[in-house]
Novice: 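Below: one structure in structure tokens.
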Amino acid sequence: WLASDHLRRRGPALAFGLFLGLGLMTDRLGVLPLVLVPLATSLAVGRAWGNAGKAAAVTLALTLWWYWGFAGRFLHELVPQLLGGEVSAAGDFVEERAVFPFSWLHYLVLWIDVQLGLVSGALALCGLGWATRRRGERDVGRVLLWLGAGLLLFTLVPKRQPFYTLPLLPAACALGGAALAAVARRSGRFAPAIVAAVLALAAMPNVVNSSPEPPDWNPGLASWGVMGASPLPQAIVGRRYPLGGPPRNHGIDLSALPDQLAQHGIGRDDLVLAMSVDAQVTESYLLSLARIARRSVALIGFTLHPDGVQERHGDAKALLYVTRGAETFPTAEQVRLAHEQYFGWQPQYEPLLAVPAVLRERATGGFRQDLREGEVLHVWILR
């Protein structure tokens, strides 16, 4: 966007449209609101309507097919959530807000909390202050416009989620880096040491958290700087959502699943069902791992695809079932429990309760895999 000179340069404008489309395909809505004000400014200043149209065509060619289906299914849910907060399965708003004035400073506080950490977040805040004093400089002013407009927009939206403003972090870090460079230029021979020290401290949480055995410290100033474990009270931050960390090892390994199924005549295109109840290995996680292992999307879940399971369970050749309990095969009660744990039970799901008994009559055994934390993966062959 910066290189396009307000979309006057066709090549960078087309590249902007390409990357905007790719950004939209990584998150359903999170990128688009951040570019509306910068693009409106570019159109008002540059008036390069032809290049803007070509960039839009590139974006739409990548994304329109998906958004057409998405809007028809979920638009009625998204608008109430944006206006009021997170909606639970029972229809209640469950968003936890930070206390005033931190509710209005929410996304700036998140920089030093779960988004960037103590050192990087503080550097980004300094960069924001540095940029406001130099907003007359061309590139500084444009980056500040991108960052400030996005922060203002999501501050005005009542719903608060840390990942909404992740696309703003590159701009925040760019301003932080520019501020650090400005300080270094005035530091003479100490400049390299200052820059190296700040960057080393900023990178510390990434290095520590990616180590095989990261330390388990209580939140405090040391853990904040070293691990990114913020000690800020919940009342200041609001509801926290983890944005990243070492993957938890649940002990599940599906690499042999295709060969195991093939021994029973089940190919990659044959339908497989999945379900998880009261387990750390959720149904969505189980489906993702199985789809990757089988290199196939011919897997559907009881909670994620209830309509599909109702309609197609007769075609299923196998069932993946993860549970912590004594039951080795799902029951009607566990199907209801699985829905209540994740998305809530709906009256239209009633026909789903009869499916486990039908599948049980077709089950001829299979194999199991003991997971960590007392969970078991049961793989049933269906005839």
Side-chain angles (χ1 to χ4, degrees), residues 20 22-38 63 66-67 70-71 73-118 120-122 124-125 128 146-173 205-206 209 219 224 228-248 282-285 288 303-304 341-344:
L20 176 58
L22 295 175
L24 288 169
M25 293 306 291
T26 61
D27 184 82
R28 57 191 182 192
L29 294 174
V31 178
L32 186 60
L34 305 174
V35 305
L36 294 179
V37 172
T63 64
W66 190 87
Y67 278 93
F70 174 81
R73 286 177 293 163
F74 299 113
L75 196 60
H76 66 284
E77 297 178 8
L78 290 176
V79 174
Q81 289 189 27
L82 289 175
L83 298 178
E86 189 72 33
V87 179
S88 70
D92 303 319
F93 288 111
V94 296
E95 194 77 16
E96 295 182 18
R97 304 289 171 80
V99 297
F100 181 83
F102 297 103
S103 57
W104 287 96
L105 301 174
H106 178 73
Y107 291 108
L108 293 179
V109 174
L110 288 182
W111 286 2
I112 59 174
D113 191 74
V114 298
Q115 284 190 337
L116 291 173
L118 177 60
S120 297
L125 290 173
L128 181 60
W146 186 291
L147 181 61
L151 285 172
L152 178 61
L153 172 65
F154 282 104
T155 298
L156 294 176
V157 171
K159 187 178 179 182
R160 302 282 193 257
Q161 297 275 29
F163 45 81
Y164 282 168
T165 54
L166 286 181
L168 291 177
L169 298 187
C173 293
N206 292 333
N209 287 324
W224 197 2
S230 168
L232 294 179
Q234 196 80 15
I236 292 178
V237 180
R239 188 172 184 179
R240 280 188 174 97
Y241 291 81
L243 300 182
R248 296 186 60 179
T282 63
E283 185 179 288
S284 60
Y285 183 41
S288 297
T303 58
L304 292 178
Q341 287 178 335
Y342 295 104
F343 300 110

Novice: Would you mind telling me which of L105, L166, L116, V237 makes a side chain to side chain contact (heavy atoms under 4.5 Å, CB included) with L110?
Specialist: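 The option that passes is V237.
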
Novice: Donor-acceptor pair, distance only, cut-off 3.5 Å: does the side chain of D113 make one with the backbone of V109?
Specialist: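 A pair under 3.5 Å: no.
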
Novice: Look only at the side chain of W224 and the backbone of I112, and say whether a donor-acceptor pair between them is shorter than 3.5 Å.
Specialist: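 Answer holds: yes.
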
Novice: In chain order, what residues pass the side-chain hydrogen bond (donor to acceptor under 3.5 Å, both in side chains) check against S284, with sequence neighbours excluded?
Specialist: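 Once residues adjacent in sequence are excluded, the partners of S284 under the side-chain hydrogen bond (donor to acceptor under 3.5 Å, both in side chains) criterion are T282.
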
Novice: Looking only at non-hydrogen atoms, find the nearest pair between L156 and W104 and report the distance.
Specialist: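 Of all heavy-atom pairs spanning L156 and W104, the closest is CD2-CZ3, 3.9 Å.
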
Novice: Drop me the distance from I236's CD1 to S103's OG, to the nearest 0.5 angstrom.
Specialist: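 It is 12.0 Å, given to the nearest 0.5 Å.
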
Novice: Considering non-hydrogen atoms only, spot the tightest contact between G23 and V31 and give its length.
Specialist: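 Reported closest heavy-atom pair: O-CG2, 3.4 Å.
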
Novice: Looking at residues at least two apart in the chain, or sitting in another chain, which of them share a ring-ring contact (aromatic ring centres under 6.0 Å, His included) with W111?
Specialist: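 Checked W111 against ring-ring contact (aromatic ring centres under 6.0 Å, His included); zero matches.
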
Novice: Give me the atom names and distance for the closest heavy-atom approach of P219 to S230.
Specialist: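 For P219 versus S230, the nearest heavy atoms are CB-O, 3.8 Å.
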
Novice: Nearest 0.5 Å, please: how far is CG in L153 from CG in L34?
Specialist: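 Nearest 0.5 Å value for the CG-CG distance: 7.5 Å.
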
Novice: Kindly indicate whether the side chain of T26, heavy atoms from C-beta on, has any atom under 4.5 Å from the side chain of L22.
Specialist: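 Of all side-chain heavy-atom pairs linking L22 with T26, none is under 4.5 Å.
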
Novice: What's the verdict on side chain to side chain contact (heavy atoms under 4.5 Å, CB included) for R160 and Y107, showing C-alpha distance, side-chain angles and the deciding distance?
Specialist: CA-CA 9 Å; R160 302 282 193 257; Y107 291 108; 4.0 Å; yes

Novice: Taking side-chain hydrogen bond (donor to acceptor under 3.5 Å, both in side chains) as the definition, give me every residue that meets it alongside T303, ordered by chain and number, with sequence neighbours left out.
Specialist: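 Scan of T303 (side-chain hydrogen bond (donor to acceptor under 3.5 Å, both in side chains), adjacent residues dropped) gives E283.
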
Novice: Looking only at atom types and distance, does a side-chain atom of Q115 sit under 3.5 Å from a main-chain N or O of P162, one as donor and one as acceptor?
Specialist: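 Here the side-chain-to-backbone pair exists.
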
